[in-house]
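Before any comments, here is the structure.
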There are 2 protein chains.
Amino acid sequence: MSTHLTPPLDEAFAALGDGTRRAIVERLASGDATVGELAEPFAVTHQAISRHIGILRRCGLIEQRADGRRRPCRLNVERMGELEGWIGEQRRQWASRLDRLETHVASGQDDAR
Amino acid sequence: MSTHLTPPLDEAFAALGDGTRRAIVERLASGDATVGELAEPFAVTHQAISRHIGILRRCGLIEQRADGRRRPCRLNVERMGELEGWIGEQRRQWASRLDRLETHVASGQDDAR
DNA sequence: TCATTGCGCAACGATAGGGTTGCGGATACT
DNA sequence: AGTATCCGCAACCCTATCGTTGCGCAATGA
């Protein structure tokens, strides 16, 4: 239940902690793109973007395939779903007020704000 | 309302990129807890946990209130929802195959490779 | 009043991350 | 063939972050 995901969530969440990488993800959400296309809108070298892509690939958020001298990138929506699922699970857990109340009582405080 | 502070997604996602902090979040999902309670299960000093809490607090994922010499922490589910929402939005965007197809065509490539 | 507990801040060393340039391999163009 | 392009790797800085120790402050309890 808690240790259910093959790859650690650490790298995936950390990867999304960078604005450039999130922008890449946003771009890929609207369709596949090559490294060059992804790098264009940014004011950094293509190597930097290539590295970001490598990070996103290693943590499973995107996939790459060889197409000639291009390396088209594709968003891995399933992996995104895993991250979304973790957050959602915490929210659902929180939503079950029974547990919250239990802890409140244990902490010796009432919910009267 | 929703157009207040979007940028801090960086810090929030990055915060969840640390296993210790995710564990703290998981703990808080089941109910509020003090810094000491949160630090107990970990093999690090309370200062380290206190710092993690500070990071989670600054990026809005948790809140703290003063209760005597205690500092009970509470999970901010709304903030969690924002992160979940961003991921979900990318997934929905991806799900709209029209855009994907459009980009495929624009890239001059078909999935037959 | 004095000692203890809960917690945060500041400073330190060690490590990881993002950016750059330089280089080389693979593929496309002429 | 030769050249240009796309892309990744490796080396190098620079800065941010994790963990530690030491200290200090406020609240509790004797």
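No experiment lies behind these values; they were computed from the predicted model shown. Labels below follow one simple rule: chain letters A, B, ... track the order of the sequence lines, proteins then strands, and each chain is numbered from 1.
Side-chain proximity of Arg69(B) to dT20(C), dG17(C), dG6(C): nearest is dG6(C). Of the candidate nucleotides dG19(C), dC7(D), dG17(C), dC7(D) has the atom lying nearest to any side-chain atom of Val35(A). Counting only heavy atoms from C-beta on, Thr34(A) has its side chain closest to dC7(D) among dG19(D), dC23(C), dC7(D). Here dG19(C) is the nucleotide among dC23(D), dT21(C), dG19(C) with the atom lying nearest to any side-chain atom of Thr20(A). The side chain of Arg71(B) has dC7(C) as its nearest neighbour among dT20(C), dC7(C), dG18(C).
When the side-chain nitrogen and oxygen atoms of Thr45(B) are compared with OP1 and OP2 of dG19(D), none of them lie within a distance under 4.0 Å. One finds no side-chain N or O of His46(A) lying less than 4.0 angstrom from the OP1 or OP2 phosphate oxygen of dT5(D).
If you take CD of Glu11(A) and P of dG17(C), they are 8 Å apart, rounded to a whole angstrom. Atom CZ in Phe42(A) sits about 14 Å away from atom C1' in dG18(C), given to the nearest Å. Atom CD1 of Ile55(B) and atom P of dT17(D) are 7 Å apart (whole Å).
Residue Gln64(B) is the one, among Ala48(A) and Gln64(B), whose nearest nucleotide of DNA chain C lies closer to the 5' end (criterion: closest heavy atom).
Heavy atoms from other residues, nucleotides or ligands lying under 6.0 Å from CD of Glu26(A) number more than 12.
A donor and an acceptor atom never sit less than 3.5 Å apart when one is taken from the side chain of Glu37(B) and the other from the base of dG6(C). Residue-to-nucleotide contacts include a donor-acceptor pair under 3.5 Å from the side chain of Arg51(B) to the base of dG19(D).
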